[in-house]
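To start, the structure itself, in structure tokens.
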2 protein chains.
Amino acid sequence: MRKPRLMTPGPAMVPEDVLLELARPVIHHRSDEAKQVIVEVSEGLKEVFQTQNDVMILTASGTGAMEAAIVNTVPPGGKALVLNAGHFAARWGSIAKAFGINVVTIDTEWGQTVDPEKVAEALRQHPDTVAVFGTLSETSTGTGHPIEAVAKVVAQTPAIFVVDGISGVGAMECRTDEWGIDVLCAGSQKALMLPPGLAFITVSTKGWAKIDAFESHSYYFNLKAARSKAKEFDTPYTPAHTLILALRTALRRIREEGMENVWKRHTRMSEACQAGVQALGLELFSAKPAEGLTAFRVPEGFKDSQIRNKMAERFGVTTVGGQGKIKGKIVRIGHMGYTDELDVISALAALEMTLAELGFDVEPGKGVTAAQQVLIGQRAAANVG
Amino acid sequence: MRKPRLMTPGPAMVPEDVLLELARPVIHHRSDEAKQVIVEVSEGLKEVFQTQNDVMILTASGTGAMEAAIVNTVPPGGKALVLNAGHFAARWGSIAKAFGINVVTIDTEWGQTVDPEKVAEALRQHPDTVAVFGTLSETSTGTGHPIEAVAKVVAQTPAIFVVDGISGVGAMECRTDEWGIDVLCAGSQKALMLPPGLAFITVSTKGWAKIDAFESHSYYFNLKAARSKAKEFDTPYTPAHTLILALRTALRRIREEGMENVWKRHTRMSEACQAGVQALGLELFSAKPAEGLTAFRVPEGFKDSQIRNKMAERFGVTTVGGQGKIKGKIVRIGHMGYTDELDVISALAALEMTLAELGFDVEPGKGVTAAQQVLIGQRAAANVG
């Protein structure tokens with residue numbers, strides 16, 4: 001018997017009480033009962049997003065929220081500045097191009113963080129930029145970007161700052177209003193502890209001004225329609241309302257733990273995982289790991305699939321490899337949402353036993369011990385970057 | 001105690017074994033296990049859609065599939081002919097206009113069926129029409145349109161025929177390939193016996209030629225991307241894969257019952273419901289009721305909310321009222337998907353007891369008796385239209 005441990009950076013594990021909500025008989029989505037659920041989750045989402053503005057619910061994956069963020073803010077022919085530092089940041093550019101938007105890119109080496117000074121420079125060179133598109137947690141590289149610092153830069157210009165928080169929101173500190181993020185997107189299947197199917201988006205006053213400035217060629221993802229319905233705790237089209245019902249339970253869990261505590265738990269898990277991986281002689285991929293996942297380089301002479309398949313088959317621990325140009329070069333361990341410290345320990349134990357069985361020169365127990373030392377405060381977090 | 005009976009034309013009730021699939025631990029969406037689920041549901045969807053072509057799965061509500069059907073087939077400035085005979089048919093026009101498409105409309109009185117001869121005439125007048133947009137089952141009026149006949153007309157022209165089958169597919173006869181439907185859309189929360197969150201779309205060879213003729217301004221709903229991923233039993237972006245897992249169980253149920261038998265069950269439920277409603281002295285709204293729902297006019301002197309609220313509060317039977325310009329004028333009873341003959345009998349019993357309590361001149365038992373007579377073949381179906 002192997003218990004399934006889904007240690008991927010989305011989808012992440014879902015608590016049993018949330019899953020059971022999904023097994024309840026379906027109610028009508030326009031009933032008072034369904035509306036009351038939206039009333040409650042709207043409050044909870046504001047807490048998670050750290051905003052006073054409405055958080056709109058879309059029935060789509062995170063990419064749908066990204067499309068909504070683009071097509072509603074930048075008119076065709078308008079200029080978008082994309083902070084390209086990974087597979088998902090690149091998607092900002094792909095979506096924008098599909099909609100006839102003029103894309104300017106700041107390329108950052110994968111695994112490195114975006115430099116706010118370069119953003120300032122690009123905005124000076126392109127004063128007609130309508131929106132800057134960045135990433136809180138780049139899932140493909142496991143990197144946390146300096147969103148607060150970039151937001152400060154963008155705030156001094158007429159441009160708005162749009163952030164993909166899909167694998168970041170709920171796993172790492174992100175203060176939408178305080179930092180001055182204008183548009184923030186998230187998905188249900190990461191730190192929000194649900195299966196995939198819902199996406200979320202919130203917009204600042206500065207952001208709404210861009211949206212109200214033109215008629216977007218959009219219908220399903222029209223944010224003006226979503227805004228007016230959100231005011232009535234409703235959605236323009238049939239929502240995946242059983243997922244919204246389950247979201248209520250997930251948000252109650254977050255409220256009970258407390259947002260700051262949730263962030264701290266993710267920081268602890270992240271630091272412990274980094275320490276464990278490094279104690280095994282493995283190299284972290286990212287200069288600044290995001291709190292929701294840990295990416296390490298596949299050691300010379302091994303294949304990522306060897307490691308990942310053995311972890312899955314022998315120990316039930318599911319991880320993912322690299323995407324795009326780093327396919328085969330890294331392994332990513334997710335630790336977001338419904339994941340606790342002992343899940344991280346378990347993943348590290350599975351990793352070190354797997355490496356030992358594969359003949360990698362490693363001393364089983366060393367990674368786990370290093371992680372435990374971080375968790376009980378006997379050792380500082382891994383020195384990264 | 002009142003058992004909940006969701007007799008709305010979507011969402012419809014979901015079988016217990018399908019709900020329990022949703023309570024299972026989440027697996028990774030790019031795993032072999034997840035792919036095998038798509039392999040199986042792809043076959044099942046072809047059977048339900050009666051097509052040899054791939055049925056693509058979108059994570060969205062039905063409106064998302066409608067948007068996909070429009071933006072991928074008709075370029076901005078291209079001409080679309082919309083067969084406007086209800087609230088949802090009108091949505092075809094709204095989406096097309098949002099994307100800069102030139103919309104020509106054939107207006108049909110709500111509750112009446114589209115006249116294929118008028119479609120032929122319009123296509124003669126507008127030979128540059130790229131696509132004709134129709135509706136299999138117009139949910140807002142409860143009308144089944146003559147899709148086979150319209151498809152024959154459109155097939156003789158260069159235009160393609162795009163059909164909203166959201167509340168029709170799986171509830172009423174619809175032979176995509178045989179009839180010559182070029183694009184057919186459906187949603188998960190109707191006769192497919194799932195909660196909302198998935199949409200489906202299939203495209204004919206003639207349809208793909210339109211799609212391949214230009215670069216659509218779309219990303220999330222780009223059907224070329226969906227097509228190439230569907231060939232690998234995959235999706236371009238994270239799908240709501242727990243719903244796809246549940247779909248497998250729903251499709252196994254349909255396969256076991258047999259598609260033709262599923263259609264026949266819906267026809268029987270529809271005829272029985274019509275007979276029951278008419279036996280109570282109520283007037284059907286539609287000249288040609290769709291098999292998945294029955295709409296009747298609210299009797300003079302009553303409010304639809306009076307009737308519907310009492311049915312819900314006293315008996316647990318949820319129905320819906322009218323939409324758009326017939327709001328307050330009709331009541332709609334859904335009987336699609338996971339609904340059986342005795343559910344229809346129960347809804348009619350609740351309706352007649354409700355009407356009696358409200359003081360409407362009705363003899364309780366008369367509606368139920370008439371429905372039973374249809375079900376055991378002692379009475380011909382209600383004479384409609």
Side-chain angles (χ1 to χ4, degrees), chain A residues 4 6 8 10-14 16 19-31 58-64 66-68 70-71 76 91 94-95 98-100 187-189 194-198 215-222 235-243 246 312 318 320, chain B residues 4 6 8 10-14 16 19-31 58-64 66-68 70-71 76 91 94-95 98-100 187-189 194-198 215-222 235-243 246 312 318 320:
Chain A
L6 184 67
T8 60
M13 288 179 279
V14 176
E16 291 79 354
L19 287 172
L20 286 173
E21 287 293 319
L22 295 168
R24 288 178 55 182
V26 175
I27 61 171
H28 196 259
H29 60 299
R30 301 299 185 212
S31 61
L58 306 173
T59 295
S61 62
T63 303
M66 291 172 77
E67 177 163 321
I70 288 181
V71 296
R91 183 167 290 178
S94 304
I95 302 175
F99 287 94
S188 55
Q189 77 277 20
L194 289 177
L198 295 180
E215 275 310 309
S216 160
H217 277 213
S218 69
Y219 190 90
Y220 189 72
F221 292 126
N222 191 297
T235 54
Y237 318 113
T238 306
H241 68 311
T242 63
L243 281 169
T318 306
V320 285
Chain B
L6 185 65
T8 59
M13 290 179 278
V14 176
E16 291 78 356
L19 288 171
L20 286 172
E21 287 294 319
L22 295 167
R24 290 178 54 181
V26 175
I27 61 171
H28 195 261
H29 60 299
R30 302 298 184 211
S31 61
L58 307 173
T59 294
S61 61
T63 303
M66 291 172 76
E67 177 163 322
I70 289 181
V71 297
R91 183 168 289 178
S94 304
I95 302 174
F99 286 93
S188 56
Q189 76 277 20
L194 290 177
L198 294 179
E215 274 310 309
S216 160
H217 277 212
S218 68
Y219 190 89
Y220 190 73
F221 292 126
N222 190 298
T235 55
Y237 317 114
T238 306
H241 68 311
T242 63
L243 282 169
T318 305
V320 285

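Naming: A, B, ... by sequence-line order, numbering from 1 per chain.
- Comparing A:Arg30, A:Met13, A:Glu16, A:His28 by how many heavy-atom pairs each has under 4.5 Å with chain B, the most go to A:His28.
- The nearest pair of heavy atoms linking B:Gln189 to B:Pro196 is CB-N, 3.5 Å.
- Interface remark: A:Pro76 contributes no atoms to any contact with chain B (heavy atom separation under 4.5 Å).
- The parts of A:Thr63 that come within reach of chain B are both its backbone and its side chain, each placing non-hydrogen atoms under 4.5 angstrom from that chain.
- Residue A:Ile27 touches chain B through its backbone alone, counting heavy-atom pairs closer than 4.5 Å.
- With respect to chain B, the highest number of heavy-atom pairs below 4.5 Å among A:Ser94, A:Pro25, A:Gly100, A:Gly62 belongs to A:Ser94.
- Interface check for chain B: of the options A:Glu67, A:Glu215, A:His29, the most heavy-atom pairs under 4.5 Å are formed by A:Glu67.
- If you measure heavy-atom distances from B:Val71 to chain A, you find no contacts under 4.5 Å at all.
- Ranked by non-hydrogen atom pairs under 4.5 Å with chain B, the options A:Pro4, A:Ala312, A:Ser218, A:Gly187 are led by A:Ser218.
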Set out, in order, the CA-CA distance, both residues' side-chain angles and the distance that settles side chain to side chain contact (heavy atoms under 4.5 Å, CB included) for B:Thr238 and B:Thr59, then state yes or no.
CA-CA 8 Å; B:Thr238 306; B:Thr59 294; over 6 Å; no
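- Top candidate by heavy-atom pairs under 4.5 Å with chain B, chosen from A:Ser216, A:Gly197, A:Ala60, is A:Ala60.
- Residues B:Leu22 and B:Pro195 have side chains in contact (heavy-atom distance under 4.5 Å, counting atoms from C-beta outward).
- Contact count against chain A (heavy-atom pairs under 4.5 Å) is highest for B:Ala23 among B:Gly64, B:Ala246, B:Ala23.
- Only the side chain of A:Leu6 comes within contact range of chain B, with heavy atoms under 4.5 Å apart.
- Using a 4.5 Å cut-off on side-chain heavy atoms (C-beta onward), A:Met66 and A:Arg91 make contact.
- In this structure the side chain of A:Thr242 never reaches within 4.5 angstrom of the side chain of A:Arg24, judged on heavy atoms.
- At least one donor-acceptor pair under 3.5 Å links the side chain of A:Tyr220 to the backbone N or O of B:Ser61.
- In this structure, the ring of B:Tyr219 has its center no less than 6.0 angstrom from the ring center of A:Phe99.
- In this structure, no portion of A:Glu21 lies under 4.5 Å from any heavy atom of chain B.
- In this structure, A:Leu194 and A:Leu243 approach most closely via the heavy-atom pair CD1-O, 3.8 Å.
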